[in-house]
Amino acid sequence: MEQQHNKGQWGSSFGFLMAAVGSAVGLGNLWGFPYKMGINGGFAFLLLYLILVVS
């Protein structure tokens, strides 16, 4: 008995582009925002933010 594996494909190159841009923006937010908050004296908010990101 042979299983058939269906691979998902992007509907269009525009959809892939938007997913890649969204991923890059999210990663930039994840790294840049806590750093900027810590530099400017927002350590308590930074700590809360990191707890929420991890959970």
Side-chain angles (χ1 to χ4, degrees):
M1 189 157 128
E2 203 171 306
Q3 288 184 338
Q4 198 173 26
H5 295 286
N6 293 332
K7 293 184 179 181
Q9 293 182 348
W10 291 99
S12 66
S13 59
F14 181 73
F16 173 76
L17 179 65
M18 289 295 105
V21 168
S23 178
V25 168
L27 187 60
N29 180 45
L30 188 65
W31 286 105
F33 183 68
Y35 173 75
K36 292 173 189 171
M37 286 297 298
I39 294 279
N40 294 317
F43 183 74
F45 184 78
L46 171 63
L47 189 61
L48 179 62
Y49 177 80
L50 291 175
I51 289 169
L52 291 175
V53 165
V54 170
S55 63

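Residue indices begin at 1 and follow the sequence shown. Values in this document were obtained by computation on a predicted structure and should not be read as measured data.
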Within one Ile-Leu-Val-Met-Phe-Trp-Tyr cluster: [X] and [Y], side-chain cutoff 4.5 Å:
X: Ile51; Y: Leu30; result: no
X: Ile39; Y: Val53; result: no
X: Leu50; Y: Leu47; result: no

